[in-house]
Amino acid sequence: MPILHGVSLSPFVRKVRVALAEKSLAYELDPVLPFGQTDEYIAKSPLGKIPCWEDGDFILPDSSCIIAYLERTHPDPALYPADPKECGRALWFEEFSDSKLSDVLSIVFFQRFVQPNFFQKEPDEALIAESLTETEKWFDYLEGELDGRSAIVGSHFSIADLAIGSIFVNFHYGGGRVDAGRWPGLAAYVAGLHVRPSFKEILEDEKSSLPQ
Ligand SMILES: N[C@@H](CCC(=O)N[C@@H](CS)C(=O)NCC(=O)O)C(=O)O
């Protein structure tokens, strides 16, 4: 059976897990942490990052690469729009989510969830306040792009929604919330993503890795 290396709390590992759930593909989760990797793991994932996919002698790091590969081996249901322009925009939102949105939303997750639960450290409130101020600009952007829809590109769930939905899980773990009064479209969109069967299944499974 293929192996997905990485822990569920990583938004990038979760992206792949939700994609696998969408495509009903079986795999084994090998809980590699995002630090202290062995030489054996670095040989598979040269940047030392999680996730990494291993299927026999085929090894592939990086969530975006893994999902694009799975799309070609298991095209149904499609996670990339067929229309070239929509596909281009979906890839943009995946990139936006994996880079800027992830950088900003991960601060609340790291400071309020990882620091106290795993390192017994107090959160840096100044850093949190700064990041929350920055989220406003990006929430405005997403609110405008969504325009009240339940998919950010076209009318179907895509890689873009999968990436955005995944990073908002970490934001929630850190106690972050989208103010539905100010960003009603974004709040409804994120809530809608997290009750999709694929997200629900993975979030339910993740519960066991959350500190009690
Ligand atoms: N572009 C990569 C990003 C993966 C990533 O940054 N993973 C983090 C965990 S959330 C990691 O492994 N960090 C360890 C490191 O940077 O050394 C992907 O999409 O898979």
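Whatever order the structure lists ligands and atoms in, that order sets their numbers, starting from 1. The structure displayed is predicted, hence computed values, not measured ones.
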Exercise. For the side-chain contact (heavy atoms from CB on, under 4.5 Å) test, which of I66, I167, L162, I164 pairs with K15?
Worked result: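 Testing each of I66, I167, L162, I164 against K15, the sole residue satisfying side-chain contact (heavy atoms from CB on, under 4.5 Å) is L162.
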Exercise. So W92 and F96, would you call those rings parallel, tilted or perpendicular, with 30° and 60° as cut-offs?
Worked result: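 Tilted.
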Exercise. Can you list every side-chain hydrogen bond (donor to acceptor under 3.5 Å, both in side chains) pair that touches residues 183-202, not counting sequence neighbours?
Worked result: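 Those involving residues 183-202 are E22-R196, E22-S198, D140-W183, D161-Y189.
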For this session: Apply salt bridge (Lys or Arg N to Asp or Glu O under 4.0 Å) to E125 and list each qualifying residue two or more places apart in sequence or on a separate chain.
Result: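 E125: salt bridge (Lys or Arg N to Asp or Glu O under 4.0 Å) contacts with R112.
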Exercise. Quick one: salt bridge (Lys or Arg N to Asp or Glu O under 4.0 Å) pairs with a partner in residues 80-93, sequence neighbours left out?
Worked result: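 Non-adjacent pairs meeting salt bridge (Lys or Arg N to Asp or Glu O under 4.0 Å): R89-E145.
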Problem set entry | Proximal protein residues to ligand 1, non-hydrogen atoms under 4.0 angstrom |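 The 4.0 Å shell around ligand 1 contains S10, P11, F12, P34, K49, I50, P51, D62, S63.
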Exercise. Is it true that the side chains of E206 and Y173 contain a donor and an acceptor less than 3.5 Å apart?
Worked result: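 Judged by distance alone, the side chains do pair up.
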